[in-house]
Amino acid sequence: MATLSAVPRAHRTGALLLAFLAFSAGTAAQTGYPDKPVRIVVPFAAGAGADIASRFMANRLGGLWGKTAVVDNQVGANSIIGAQLVARSAADGYTLLVPNDTTLAANPALYAKLPYDPVKDFSPIALIGETPFVLVASPTFGVRSVKDLVNAAKARPGEINFASSGVASAHHLPMEMLMDHARIRMLHVPYKSAADAATAVVSDQVQVMFAGVSAVLPFLQSGRLIPLAVGTSERLAVLPGVPTMAESGFPGFRYGAWLGLVAPAATPVAIVQKINADVGTVLRQADARRREAGWPCRAVDRHRHHRDGAVGRDRQGPGPAHGRSAGPALPGRFDAV
């Protein structure tokens with residue numbers, strides 16, 4: 001089984017991913033697409049942040065198309081099962097995949113053999129958005145800040161447990177970053193899904209975890225989880241009283257998961273361009289509404305990520321000297337988005 005010691009190799013795939021994913025959508029071609037329901041495979045559990053964002057996007061795209069966009073949760077193996085399914089599907093635009101950075105960036109570095117090639121097996125379509133992460137604790141654990149957690153971990157090395165949705169998942173890696181930076185040691189307890197992991201923290205089976213904000217927001221609002229810090233570079237409007245990791249003593253710490261939309265390789269360019277344009281339409285229409293409602297999955301500002309070099313950081317793997325990008329690593333000119 002692969003371990004996090006392999007993660008730094010992720011940057012080796014960076015150049016290939018950049019070349020693979022960079023293109024301009026241009027003007028959407030008139031394709032007549034779609035003329036039947038579209039299947040959107042989400043390789044994450046129902047209720048996870050990626051699932052919530054995917055269902056929102058599917059609903060809006062279905063409205064634009066006048067055809068149903070069906071979300072199909074294909075969970076397991078660190079998103080490998082869903083990615084393999086789409087990679088082997090017909091390249092006709094009727095089976096799409098919502099990957100995150102684990103699917104296309106971390107997995108190739110973590111696993112010696114994958115049943116899909118992130119470069120050769122997919123045609124990139126668009127960025128859906130970014131899922132901010134928050135460090136949370138069980139109320140009975142007694143910590144109320146990152147400093148409290150670090151002090152407790154130093155006093156009890158290896159005794160404090162943290163949950164995740166699996167080895168090298170988006171929930172696992174930021175905790176490795178924290179432990180490396182703070183020079184502490186905690187015990188990793190992987191679960192089958194982010195929802196299972198969050199439930200374990202709520203019930204105090206496990207003390208802490210990094211989680212997507214959208215997935216744990218109800219627990220935070222009800223007091224069943226305690227927020228310690230957010231992984232974004234700025235405080236979140238939906239959690240204005242929660243400090244950033246940088247404010248909590250870890251400058252440069254920035255973590256979140258991007259979400260993309262891809263199709264099987266060889267999908268006609270005209271179809272890819274049309275979906276890209278339609279995703280852009282949804283994001284532009286929905287952005288103001290999401291901000292007003294405190295929607296935790298944010299639209300992508302592609303210009304910002306070109307500017308701040310987030311793509312490069314996302315390929316380097318977790319470490320104390322940098323933060324993993326809170327934005328997309330689906331780089332290039334997704335102009336419609």
**Asked** About how many Å separate CG of Asp35 and NZ of Lys67, when rounded to the nearest 0.5 Å?
**Response** 6.5 Å

**Request:** Using modelled atom types only, decide if a donor and an acceptor are shared between the side chain of Asn73 and the backbone of Phe44 within a distance under 3.5 Å.
**Result:** yes

**Request:** Would you mind reporting whether Val208 and Ser138 have side-chain heavy atoms less than 4.5 Å apart?
**Result:** no

**Request:** Check whether any side-chain heavy atom of Arg88 lies under 4.5 Å from a side-chain heavy atom of Pro115, and answer yes or no.
**Result:** yes

**Item:** Donor-acceptor under 3.5 Å (Asn59 side chain, Arg55 main chain)
**Value:** no

**Prompt:** At what distance, to the nearest 0.5 angstrom, does CD1 of Ile160 lie from CZ of Phe141?
**Reply:** 3.5 Å

**Prompt:** Is the closest side-chain donor-acceptor distance between Ser193 and Asp196 under 3.5 Å?
**Reply:** yes

**Asked** Can you check side chain to side chain contact (heavy atoms under 4.5 Å, CB included) on Phe122 and Leu104, steps first, answer last?
**Response** CA-CA 10 Å; Phe122 302 106; Leu104 297 183; 4.1 Å; yes

**Complete:** With Leu261 as partner, the option from Leu127, Asn276, Ile275 fulfilling side-chain contact (heavy atoms from CB on, under 4.5 Å) is Ile275

**Message:** Quick one, Phe210 with Phe162, criterion ring pair (Phe, Tyr, Trp, His ring centres under 6.0 Å). Give me CA distance, side-chain angles, the key distance, then yes/no.
**Reply:** CA-CA 8 Å; Phe210 266 100; Phe162 71 91; 9.1 Å; no

**Request:** Compare every heavy atom of Val201 with every heavy atom of Ala163, then report the nearest pair and how far apart it is.
**Result:** CB-CG2, 4.1 Å

**Request:** Check whether more than 12 heavy atoms from other residues, nucleotides or ligands sit under 6.0 Å from atom CZ of Arg224, and answer yes or no.
**Result:** no

**Message:** Taking Thr244's backbone N and O only, do any of them form a donor-acceptor pair with Ser248's side chain (distance below 3.5 Å, no angle check)?
**Reply:** yes

**Fill in**
To the nearest 0.5 Å, atom NE2 of His188 lies from atom CE of Met186 at 10.5 Å

**Item:** Side-chain donor or acceptor of Thr281 paired with backbone N/O of Ala277 under 3.5 Å
**Value:** yes

**Asked** Side chain of Asn107, backbone of Asn78: donor and acceptor closer than 3.5 Å?
**Response** yes

**Request:** With ring pair (Phe, Tyr, Trp, His ring centres under 6.0 Å) as the test, would you mind laying out the steps for Phe133 and His171 before giving the verdict?
**Result:** CA-CA 8 Å; Phe133 270 58; His171 306 85; 5.3 Å; yes

**Fill in**
Between Lys120 and Asp117 the two heavy atoms that sit nearest each other are N-OD1, 3.0 Å

**Prompt:** So, do Ser145 and Leu228 sit near enough that their side-chain heavy atoms are less than 4.5 Å apart?
**Reply:** no

**Item:** Path from Val167 to Val75 over hydrophobic side-chain contacts below 4.5 Å
**Value:** no

**Request:** Please answer whether the main-chain N or O of Asp121 pairs with a side-chain N or O of Tyr116 as donor and acceptor at a distance below 3.5 Å.
**Result:** no

**Prompt:** Can any side-chain N or O of Tyr255 pair as donor or acceptor with the backbone N or O of Val230 at less than 3.5 Å?
**Reply:** no

**Request:** Decide side chain to side chain contact (heavy atoms under 4.5 Å, CB included) for Phe253 and Met177; before the verdict, give the C-alpha distance in whole Å, the side-chain angles of both, and the deciding distance to 0.1 Å.
**Result:** CA-CA 8 Å; Phe253 191 110; Met177 290 169 58; 3.7 Å; yes

**Asked** Under the 3.5 angstrom rule, does the side chain of Asn151 hit a backbone N or O of Lys154 as a donor-acceptor pair?
**Response** no

**Prompt:** So how far is it from Asn100 CG to Thr131 OG1, rounded to the nearest 0.5 Å?
**Reply:** 8.0 Å

**Message:** Given 3.5 Å as the limit, does a donor-acceptor pair link the side chain of Thr232 with the main chain of Arg235, or not?
**Reply:** no

**Prompt:** Which distance, rounded to the nearest 0.5 Å, do you find between the CG of Leu97 and the CD1 of Ile40?
**Reply:** 10.0 Å

**Prompt:** Atom OG in Ser79, atom CG in Asp101: separation rounded to 0.5 Å?
**Reply:** 9.5 Å

**Shared hydrophobic cluster for Leu64 and Met57 (ILVMFWY, side-chain gaps under 4.5 Å)** = yes

**Message:** Looking at Leu85, is its backbone amide N or carbonyl O close enough to the side chain of Ser89 to form a donor-acceptor pair, meaning the two atoms are under 3.5 Å apart?
**Reply:** yes

**Asked** Side-chain contact, heavy-atom cut-off 4.5 Å: Leu96 with Val41?
**Response** no

**Request:** Return the orientation label for the His181 and Phe250 ring planes: parallel under 30°, perpendicular over 60°, tilted otherwise.
**Result:** perpendicular

